[in-house]
Amino acid sequence: MERRTIGAGALAVGAVGLGCMPMSWAYSSSRQRGEESLRTVHRALDLGTTLLDTADMYGPFTNELLVGRVLKERRPDAFVSTKVGLLVGEQHIVANGRPGYVKRACDASLRRLQTDVIDLYQLHRADPEIPVEETWGAMAELVQAGKVRALGLCAVGARGGRRSGARLHDATIRQLQRVQQVFPVSAVQAELSVWSPEALETLLPWCEARGVGFLAAMPLGNGFLTGTLTPGQGFEPDDVRARHPRFTAEMMAANQPVVVGLRRIAARHGEGVTPAQVALAWVLAQGRHVVPVPGAKRERWAAQNARAEALRLTSEDLAEVAELPRARGSWD
């Protein structure tokens, strides 16, 4: 697989990453199977997908434990990214950016991941009660201590209501400007996909101008862009899509033209090419500093995603994607 670099430190990773969250968090729990997830991670590594993206809150903790079982055997093959800053309660999630907590959380993540260093440590969310510079300073000390190689900021979920376009990531960019004064940002993780392209307006150019890597979260639109979901199929109560404004039966039906367009482009590239691969190839085409991180918990999906790196979209393909209808949500 092609290698791409993250940050000024030129940390090399496979062009397509693996989001490990669905293996133990946020998606249908009845379909989460530990042994199958382990096989999925191994298969991804076999195909050159080196970046494994997890977080201490996924589970909580169980996702890091799962990834740690693989790292124990194959640490040299993997680039491990995990996150800090969110605590999971019974019915709520709260931010904690206190320096002492960040350092303890890092040590706990290292134990669960069965490694002595985290390649990319991301701040999951800034704590509104703690200046972000203090949190980032504690994370920088972890780099100096040799426990972490590079730092990143996770902007997933920083949507701010229905704002779109250039305004969407204004707060994130202001936050990035603040932490850059303390210690270099190597990567930013934010949503980017065919049906959520807002990062192209300001956030992606900000990263490119400064040599900051961009990890594209949800590049397959929470599974919608794979073309495997049926409008009205329903989701388990613990599945994030059960409350997502684009996953009501009405909106899934209304957004089918997006999938139809991806399927049409896939057909031009030959038998076996899928809408999901076109969606990932589109993300890859947005810049050499961009690494899509699709979530997967099945070997076949991880393999399909990895092979998207070889798909080269033409200018005609890219123009056709640009003309696809805007994705709609229940608020529209």
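All figures in this text were calculated on a predicted structure; none of them were measured in a lab. Here, residue 1 is the first one in the sequence, and each next residue gets the next number.
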Thr202 side chain near Leu168 side chain, heavy-atom distance below 4.5 Å = no
Asp116 with Arg75: basic N within carboxylate O range, under 4.0 Å = no
Is there a donor-acceptor pair closer than 3.5 Å between any side-chain N or O of Gln277 and the backbone N or O of Gln304?
-> yes
Find out if a path of hydrophobic residues (ILVMFWY) with successive side-chain heavy-atom gaps under 4.5 Å connects Met139 to Val117.
-> no
Chi angles and distances behind the side chain to side chain donor-acceptor pair (under 3.5 Å) call for His244, Asp239 | CA-CA 9 Å; His244 196 299; Asp239 193 311; over 6 Å; no
May I ask you to test the Lys103-Leu142 pair for a side-chain heavy-atom distance under 4.5 Å?
-> yes
In Å, rounded to the nearest 0.5 Å, how long is the span from CD of Glu198 to CD of Glu201?
-> 8.5 Å
To the nearest 0.5 Å, tell me how far Lys83 NZ sits from Asn63 CG.
-> 8.5 Å
Greater than 12 external heavy atoms within 6.0 Å of Glu323's CD = no
Using atom types as modelled and distance alone, determine if a side-chain donor or acceptor of Tyr58 lies under 3.5 Å from a backbone N or O of Cys20.
-> no
Met57 and Phe61: same hydrophobic cluster, using ILVMFWY side-chain contacts below 4.5 Å?
-> no
Applying salt bridge (Lys or Arg N to Asp or Glu O under 4.0 Å) to Arg74 and not counting sequence neighbours gives Asp46, Asp77
For the residue pair Gly223 and Thr228, what are the closest heavy atoms and their distance?
-> O-OG1, 4.4 Å
Gln122 and Ser81 have their tightest heavy-atom pair at NE2-OG, 2.8 Å
Whether Arg112 side chain and Leu66 backbone form a donor-acceptor pair below 3.5 Å = no
Nearest heavy-atom neighbours spanning Ala199 and Pro205 = O-CD, 3.9 Å
Test salt bridge (Lys or Arg N to Asp or Glu O under 4.0 Å) on Arg312 and Asp317 and set out the steps.
-> CA-CA 9 Å; Arg312 298 292 182 266; Asp317 297 330; over 6 Å; no
One should read off an interatomic distance between Leu86 CG and Asp127 CG, to the nearest 0.5 angstrom, of 9.5 Å
On a heavy-atom basis, the closest approach of Thr50 and Val13 is OG1-CA, 3.4 Å
Met21-Ile93 co-clustered via ILVMFWY side chain contacts under 4.5 Å = yes
Should Leu200 and Pro197 count as side-chain neighbours, where that means a heavy-atom distance under 4.5 Å?
-> yes
pair Val70-Leu45: side-chain heavy atoms closer than 4.5 Å | yes
Between the main-chain N or O of Gln233 and the side-chain N or O of Thr230, is there a donor-acceptor pair closer than 3.5 Å?
-> no
Side-chain donor-acceptor pair present, His124, Asp56, cut-off under 3.5 Å = no
Phe79 and Val212: same hydrophobic cluster, using ILVMFWY side-chain contacts below 4.5 Å?
-> no
Using the test side-chain hydrogen bond (donor to acceptor under 3.5 Å, both in side chains), find all partners of Arg69 that sit at least two apart in sequence or belong to another chain.
-> Glu35
Is it true that a side-chain atom of Glu134 and a backbone atom of Pro131 form a donor plus acceptor pair closer than 3.5 Å?
-> no
Carefully, step by step, assess Leu204 and Glu208 under the rule side-chain contact (heavy atoms from CB on, under 4.5 Å).
-> CA-CA 6 Å; Leu204 202 64; Glu208 184 174 20; 5.9 Å; no
Measure from the side-chain N and O atoms of Gln256 to the backbone N and O of Ala253, and report whether any donor-acceptor pair falls under 3.5 Å.
-> no
Does some side-chain heavy atom of Val185 sit less than 4.5 Å from a side-chain heavy atom of Leu151?
-> no
Enter the distance from Thr49:OG1 to Arg307:CZ here, rounded to the nearest 0.5 Å.
-> 10.0 Å
Using modelled atom types only, decide if a donor and an acceptor are shared between the side chain of Arg241 and the backbone of Asn222 within a distance under 3.5 Å.
-> yes
Hey, could you give me the CH2/CG distance between Trp206 and Leu176, rounded to the nearest 0.5 Å?
-> 4.5 Å
Audit row: Leu284, Leu311, side-chain contact (heavy atoms from CB on, under 4.5 Å) steps and yes/no | CA-CA 10 Å; Leu284 286 163; Leu311 179 61; over 6 Å; no
More than 12 non-hydrogen atoms from neighbouring residues, nucleotides or ligands closer than 6.0 Å to CZ on Arg98, yes or no?
-> no
Closest approach of Leu318 and Trp282, non-hydrogen atoms and distance?
-> CD2-CD1, 3.8 Å
Glu320 side chain near Arg268 side chain, heavy-atom distance below 4.5 Å = yes
Could you go step by step and tell me if Arg149 and Val143 meet the side-chain contact (heavy atoms from CB on, under 4.5 Å) rule?
-> CA-CA 6 Å; Arg149 294 179 66 198; Val143 178; over 6 Å; no
Can you list the steps and then say if Lys297 with Glu36 is a salt bridge (Lys or Arg N to Asp or Glu O under 4.0 Å)?
-> CA-CA 7 Å; Lys297 54 181 180 285; Glu36 185 168 9; over 6 Å; no
In terms of ring plane angle, is the pair Phe247 and Trp195 parallel, tilted or perpendicular, where the classes change at 30° and 60°?
-> perpendicular
Pair Lys147-Asp107, salt bridge (Lys or Arg N to Asp or Glu O under 4.0 Å): steps then yes or no = CA-CA 8 Å; Lys147 296 180 179 182; Asp107 288 339; 2.8 Å; yes
Smallest heavy-atom separation, Ala279 atom then Leu220 atom, equals CB-CD2, 3.9 Å
Measuring from Leu47:CG to Glu299:CD, what's the distance to the nearest 0.5 Å?
-> 9.5 Å
Classify the side-chain pair Thr54/Glu64 by whether it contains a donor and acceptor separated by less than 3.5 Å.
-> no
pair Glu250-Ser330: side-chain heavy atoms closer than 4.5 Å | no
Would Leu11 end up clustered with Leu18 when hydrophobic side chains under 4.5 Å apart are linked, directly or stepwise?
-> no
Any side-chain heavy-atom pair of Arg4 and Phe214 under 4.5 Å | no
Exactly one of Val293, Leu192, Val291, Val16 clears side-chain contact (heavy atoms from CB on, under 4.5 Å) with Val283, and that residue is Leu192
Are any side-chain N or O atoms of Ser193 and backbone N or O atoms of Pro219, one a donor and one an acceptor, separated by less than 3.5 Å?
-> no
